[in-house]
Number of protein chains: 4
Amino acid sequence: MLRHIDAQNGIPIYEQIIRQVTIAVADGSITPGEHVPSVRELANRLAVNPNTVVRAYRDLQAQGVLVPVRGTGLAIAADSVSKCLEQRLSLIRQSLRSVLEEAWRNRISKAELRTLCDSELNRLTEEAL
Amino acid sequence: MLRHIDAQNGIPIYEQIIRQVTIAVADGSITPGEHVPSVRELANRLAVNPNTVVRAYRDLQAQGVLVPVRGTGLAIAADSVSKCLEQRLSLIRQSLRSVLEEAWRNRISKAELRTLCDSELNRLTEEAL
Amino acid sequence: MLRHIDAQNGIPIYEQIIRQVTIAVADGSITPGEHVPSVRELANRLAVNPNTVVRAYRDLQAQGVLVPVRGTGLAIAADSVSKCLEQRLSLIRQSLRSVLEEAWRNRISKAELRTLCDSELNRLTEEAL
Amino acid sequence: MLRHIDAQNGIPIYEQIIRQVTIAVADGSITPGEHVPSVRELANRLAVNPNTVVRAYRDLQAQGVLVPVRGTGLAIAADSVSKCLEQRLSLIRQSLRSVLEEAWRNRISKAELRTLCDSELNRLTEEAL
DNA sequence: GTGGTCTAGACCACG
DNA sequence: GTGGTCTAGACCACC
């Protein structure tokens, strides 16, 4: 986890870090109380500027996912799991909603949309992405 | 058509204009040969910077949707309808695909995704958005 | 407004900017829809690095006090006044609470605390700070 | 006494130790001449870095609250009680003052502040914090 | 012109 | 060692 960053996919690096931490908490690969890698270490590992990591970690603190432990680093907050689970789903629901609404506004029928969704869902499992 | 611009929804204004023209062509509210509003007029109507309209029209020319008519402005290209129909669908398919792939990467199961899609699709028709 | 920054009082510069904007909104000296000074202009005016202003403005966006208007700057959000009013009071209430609780833990009696509060409150108005 | 440290409340740990010693002296739970726990023992008890305890004790020596006793450790200074009593109050007075001044600068009226103080004071006794 | 992101490197307080 | 703040300067997309 916290391994791979794609600097060219348009998603800001700090955002990718935030998402990866959020997912890791949501699926239990980091548990409350554990420390996340230090700013310098992670920056090193991802070949990224420390400030970029700082920014990601700061946003995660603002969300209440990380808490500072004086002088020893940042830890996953006790109550962060549910937050992250929620957030993960609500983010996706929201993206999905806006795509579908956009399509609907563009007079794509409900039936067509359903077909589209089905074909894309099948594609996912086939490709074992 | 070509009425409403939202400067605060994250989608670039020129992109919003492009989409609206594309849709209008796709659903027949503008037909090949017709002129689009002049840069100045449209900029005025949408309360938008003329340069932004220029950029949208430029991109639409590059796509072959608009063709310059010497001295009188820009018109919808003769063969643009099919292009726009295609594009409309492919745009949506692509957005949908990226949303679903993202979710999949985040370990949301196919079943969960199908449920999500269904609930959002139902939401659309109920609200008669 | 947004005039004076004290670089040596321990409060981070970006925090001082945030507070000043919040207060300005709360007391009506900026109204919803108005633009705040541009990053570069404010940085210039306060003799501060642009990034510092960027950070303050970003936090204010996260709070929903500022909204970006594509290409033309940042504006006060429509629903920001109540937020800022609330926040202003809740911040103070919280500081006050923690000071009083600390004192209470230290066995200062309620009567002593009341006297302290009174004397300090009187001090304020006398000095016309 | 000297029991509980909160590594996540923003107050530096060495500061928390200093305050707890000061309070203990002020309210008589340690008396002049008594020894404070050794650095190692206290560090152990509080699950804290020994250097942190060293720093707290160093500051307390600088304040004249602790005096070194050759070979046997640190003891409460003979004249420290009045100092600590004073300090306890002045610390609180100062915190209170800065909170109120901040509020005043933010255009909270004296009447509002008085109400706030009253409500928070009542809260204290009710909760028997 | 606007804001957004990122890098590089400095200094600080804390443990 | 840790995170937090700030400066300086670069590049980008958008209007």
Side-chain angles (χ1 to χ4, degrees), chain A residues 5 7-8 10-17 35-43 46-61 66-75, chain B residues 5 7-8 10-17 43 46-56 59, chain C residues 5 7-8 10-17 35-43 46-61 66-75, chain D residues 5 7-8 10-17 43 46-56 59:
Chain A
I5 289 295
Q8 288 160 0
I11 302 175
I13 295 175
Y14 75 86
E15 182 65 30
Q16 297 184 46
I17 297 175
H35 276 57
V36 288
S38 82
V39 169
R40 288 157 173 91
E41 192 207 323
L42 187 55
L46 302 177
V48 142
N49 189 292
N51 276 329
T52 305
V53 179
V54 164
R55 169 155 182 197
Y57 280 0
R58 191 159 42 70
D59 286 7
L60 285 164
Q61 283 184 67
L66 293 183
V67 289
V69 185
R70 310 287 311 216
T72 75
L74 296 166
Chain B
I5 289 295
Q8 293 176 6
I11 302 174
I13 294 177
Y14 74 88
E15 182 65 29
Q16 296 184 48
I17 298 176
L46 301 176
V48 141
N49 189 305
N51 281 326
T52 307
V53 179
V54 167
R55 168 152 186 195
D59 286 9
Chain C
I5 289 296
Q8 287 161 1
I11 301 174
I13 296 176
Y14 75 86
E15 183 64 31
Q16 297 184 47
I17 297 175
H35 276 56
V36 289
S38 81
V39 169
R40 288 158 173 90
E41 191 206 325
L42 186 56
L46 301 177
V48 143
N49 187 291
N51 276 328
T52 305
V53 178
V54 164
R55 169 158 182 195
Y57 280 0
R58 190 157 45 68
D59 286 7
L60 285 164
Q61 283 184 66
L66 292 183
V67 288
V69 185
R70 310 286 310 216
T72 74
L74 295 165
Chain D
I5 289 294
Q8 293 178 6
I11 301 174
I13 294 175
Y14 74 87
E15 183 66 29
Q16 296 184 47
I17 297 175
L46 301 177
V48 141
N49 190 305
N51 281 327
T52 308
V53 179
V54 167
R55 167 150 188 196
D59 287 10

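Keep in mind that the numbers below use all heavy atoms, side chains included, and drop hydrogens, waters and symmetry copies. Labels below follow one simple rule: chain letters A, B, ... track the order of the sequence lines, proteins then strands, and each chain is numbered from 1.
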Tell me which nucleotide among [options] gets nearest to the side chain of [X].
X     : options               : result
B/P12 : F/dC14, E/dT7, F/dT7  : F/dC14
C/I13 : F/dG3, F/dC6, F/dC15  : F/dC6
A/R58 : F/dT5, E/dC6, F/dG3   : F/dT5
B/N49 : E/dG15, F/dC15, F/dT7 : F/dC15

Measure [atom1]/[X] against [atom2]/[N] and give the value in whole Å, please.
X     : N      : atom1 : atom2 : value
C/D59 : E/dG4  : CG    : P     : 12 Å
C/L46 : F/dC6  : CG    : C1'   : 14 Å
C/Y14 : F/dG4  : OH    : P     : 9 Å
D/Q8  : F/dG4  : CD    : C1'   : 17 Å
C/R70 : F/dA13 : CZ    : P     : 12 Å
C/I11 : F/dG4  : CD1   : P     : 18 Å
A/R40 : E/dA10 : CZ    : P     : 13 Å
C/H35 : E/dG1  : NE2   : P     : 16 Å

Closest heavy-atom pair and its distance - [X], [Y]:
X     : Y     : answer
C/Y14 : C/A56 : O-CB, 3.6 Å
D/T52 : D/V48 : CB-CG1, 3.8 Å
C/D59 : A/R58 : OD1-NH1, 4.0 Å
D/Q16 : D/I11 : NE2-O, 2.9 Å

If we call it a pair only when both distances are under 3.5 Å in a Watson-Crick or G-U wobble match, what pairs with F/dC6?
-> E/dG9

Hunt down the Watson-Crick or G-U wobble partner of E/dC14, both distances under 3.5 Å, from any strand shown, or write none.
->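 By the stated definition (distances under 3.5 Å), F/dG1 pairs with E/dC14.
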
Contact nearer the 5' end of DNA chain E, comparing D/E15 with C/G73 |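 Its nearest nucleotide being more 5', the pick is C/G73.
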
Are C/P37 and C/Y57 close enough that some pair of their side-chain heavy atoms sits under 4.5 Å apart?
-> yes

Using a cut-off of 4.0 Å on non-hydrogen atoms, how would the nucleic acid contact of A/R55 be classed: base, sugar-phosphate, or nothing?
->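 Sugar-phosphate only.
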
Is the phosphate of [N] approached by [X] (side-chain N or O, under 4.0 Å from OP1 or OP2)?
X     : N     : value
A/T72 : F/dG3 : no
A/T52 : E/dC6 : no
A/Q61 : F/dG4 : yes

Any N/O donor-acceptor pair, A/N51 side-chain to F/dG3 base, under 3.5 Å = no

